2 protein chains.
Amino acid sequence: MVITFGLAQKLKSAGYKLTPSRLAIVEVLESHSEHLCHNQILENGQKIYPHLSRATVYRTMELLVELHLMRPLYLNDPTQRFVSAAGGHHHLICSNCGATFEFDHCTIDQLAFDLSVKYHFQINNHLLEFQGLCEACQ
Amino acid sequence: MVITFGLAQKLKSAGYKLTPSRLAIVEVLESHSEHLCHNQILENGQKIYPHLSRATVYRTMELLVELHLMRPLYLNDPTQRFVSAAGGHHHLICSNCGATFEFDHCTIDQLAFDLSVKYHFQINNHLLEFQGLCEACQ
DNA sequence: GCTCTAAATGAGATTATTTCTCAATAAGTA
DNA sequence: TACTTATTGAGAAATAATCTCATTTAGAGC
């Protein structure tokens with residue numbers, strides 16, 4: 001049910017305590033494939049651990065971003081959302097209805113390599129978003 | 001000096017009035033290649049038109065996004081920024097210092113085409129961000 | 001150029017979001 | 001089990017975003 005990608009272990013091995021708040025947040029992140037915003041993380045986290053506070057959600061997300069475990073992201077509204085920082089992210093975003101599709105086929109590894117050489121930049125992950133119109137909105 | 005990409009004309013032909021506020025905002029957007037946030041647009045816009053108000057900046061940016069002339073974007077902090085929606089955007093973002101580099105070499109047109117066929121999605125533009133470490137931070 | 005009208009504006013109020021503070025709590029170590 | 005220090009919750013404070021409404025003005029028509 002929960003597709004863990006090991007955030008808890010990574011927090012722990014980075015020297016952070018595994019508190020109920022953090023475990024609740026991590027469980028929410030790992031059990032939702034959508035791109036969650038702070039509010040959604042708080043609301044879902046409180047289902048697991050009712051005492052969870054907003055401040056802790058902000059603090060924990062800040063921590064996870066700092067550790068490069070999650071990354072912030074905009075979709076079609078001005079709300080900050082989060083996705084796993086592991087691997088690349090690939091979205092098709094409809095400019096009209098805001099629908100977001102993910103695709104896994106991604107062939108930019110060669111480009112990544114070329115850029116890393118050209119700019120002496122160590123590339124760890126990427127975000128590729130195509131914007132346009134989905135079938136329904138065309 | 002000003003590399004116009006014709007925002008004013010596009011606003012006009014979409015039926016919107018060309019007010020001093022809007023012209024100031026558009027001039028700021030067209031003369032800065034960086035990714036500006038609301039505050040920066042306001043401050044720079046007030047140098048051109050001192051009466052420019054914050055509300056008008058928010059309203060105008062919302063309008064430009066709605067018309068798909070600009071697009072909102074996150075970089076390394078929680079501030080909403082804007083880039084031209086025309087063409088693709090390509091960034092190398094350093095996870096450590098937040099430095100952002102742009103690159104123009106972009107070879108994902110074939111991928112875009114494949115995806116448009118596979119998902120019946122009409123692709124208008126794209127955003128490609130690589131995250132990692134810049135030379136100085138490695 | 002002048003008049004008219006609806007769109008647009010500015011200023012500040014309101015609301016929402018994010019960050020901060022600090023006393024209380026509890027995770028993990030010994 | 002006790003201790004230490006990181007972490008927390010609750011609300012205050014700060015910041016950001018939105019809304020309201022009286023006033024102004026761009027642009028169309030004359």
Side-chain angles (χ1 to χ4, degrees), chain A residues 7-29 35-67 69-82, chain B residues 7-29 35-67 69-82:
Chain A
L7 288 181
Q9 290 96 314
K10 283 174 187 164
L11 268 181
K12 174 146 203 183
S13 60
Y16 295 94
K17 293 180 178 173
L18 292 185
T19 65
S21 295
R22 285 177 179 163
L23 289 173
I25 290 167
V26 158
E27 188 178 330
V28 169
L29 294 174
H35 315 90
L36 299 172
C37 65
H38 286 112
N39 264 338
Q40 293 170 319
I41 296 166
L42 176 64
E43 282 166 22
N44 285 289
Q46 286 179 335
K47 290 180 196 162
I48 298 168
Y49 180 61
H51 279 293
L52 181 63
S53 78
R54 182 175 299 277
T56 299
V57 171
Y58 276 88
R59 281 188 286 233
T60 302
M61 293 316 297
E62 189 185 9
L63 179 61
L64 292 172
V65 170
E66 224 164 67
L67 294 172
L69 298 175
M70 300 294 292
R71 66 162 292 179
L73 169 69
Y74 254 124
L75 293 179
N76 223 40
D77 59 54
T79 311
Q80 188 176 20
R81 296 169 188 283
F82 297 93
Chain B
L7 289 180
Q9 291 96 314
K10 283 173 187 163
L11 268 181
K12 175 145 202 182
S13 60
Y16 295 94
K17 293 179 179 173
L18 292 184
T19 65
S21 295
R22 284 178 178 161
L23 289 173
I25 291 167
V26 157
E27 188 178 329
V28 168
L29 295 174
H35 315 91
L36 298 172
C37 65
H38 286 113
N39 264 340
Q40 294 170 318
I41 296 166
L42 176 64
E43 282 167 23
N44 285 288
Q46 285 179 335
K47 290 180 196 161
I48 298 168
Y49 180 63
H51 279 293
L52 181 63
S53 79
R54 181 174 301 277
T56 298
V57 171
Y58 275 88
R59 282 187 286 232
T60 302
M61 293 316 298
E62 189 184 10
L63 179 61
L64 291 172
V65 170
E66 222 164 69
L67 294 173
L69 298 175
M70 299 295 291
R71 67 162 291 181
L73 169 68
Y74 255 124
L75 293 179
N76 223 41
D77 58 54
T79 312
Q80 188 176 22
R81 296 169 187 283
F82 297 92

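Quick caveat: nothing in here was measured; it's all calculated off a predicted structure. Numbered from 1 within each chain, the chains take letters A, B, ... in sequence-line order.
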Fit a plane to each ring of B:Phe82 and B:His38, take the angle between them on a 0 to 90° scale, and name the class: parallel (under 30°), tilted (30 to 60°) or perpendicular (over 60°).
perpendicular
Hey, is the side chain of B:Arg59 pairing donor to acceptor with the base of C:dG10 inside 3.5 Å?
yes
How many Å lie between CG on A:Leu52 and C1' on C:dA26, as a whole number?
16 Å
For the pair made of NZ in B:Lys17 and P in C:dA7, what is the distance, rounded to whole Å?
7 Å
Counting just side-chain N and O atoms, does B:Ser53 come under 4.0 Å of either OP1 or OP2 of C:dA11?
no
Side chain to side chain, B:Thr19 and B:Thr56, heavy atoms closer than 4.5 Å
no
Is the distance from OP1 or OP2 of C:dA8 to the nearest side-chain N or O of B:Arg22 less than 4.0 Å?
yes
Select from A:Leu63 and A:Ala55 the residue whose nearest nucleotide in DNA chain D is closer to the 5' end of that strand.
A:Leu63
Distance check needed: D:dA17 P versus B:Tyr58 OH, whole Å only.
3 Å
Under 4.0 Å between a side-chain N or O of A:Ser21 and OP1 or OP2 of D:dG9?
yes
Rounded to whole Å, the CE-C1' distance (A:Met61 to C:dT19) equals 16 Å
Ignoring hydrogens and angles, tell me if any N or O in the side chain of B:Gln40 forms a donor-acceptor pair with the backbone of B:Cys37 under 3.5 Å.
yes
Which residue lies more 5' along DNA chain D, comparing B:His38 with A:Thr60 via nearest heavy atoms
A:Thr60
How long is the line joining OH of B:Tyr16 and P of D:dA26, in whole Å?
18 Å
Mind checking whether A:Met61 and A:Leu29 have side chains closer than 4.5 Å, heavy atoms only?
yes
Does the side chain of A:Thr19 get closer than 4.0 angstrom to OP1 or OP2 of C:dA27 through an N or O atom?
no
Side-chain donor or acceptor of B:Arg54 paired with backbone N/O of B:Leu42 under 3.5 Å
no
How close or far is atom C1' of C:dT18 from atom CG of A:Leu42, stated in whole angstroms?
13 Å
Rounded distance in Å - CZ (B:Arg54) to P (D:dA17):
8 Å
Candidates C:dG10, C:dA27, D:dG9 - which lies nearest the side chain of A:Thr56
D:dG9
Could you tell me how far apart B:Ile41 (CD1) and D:dA16 (C1') are, to the nearest whole angstrom?
14 Å
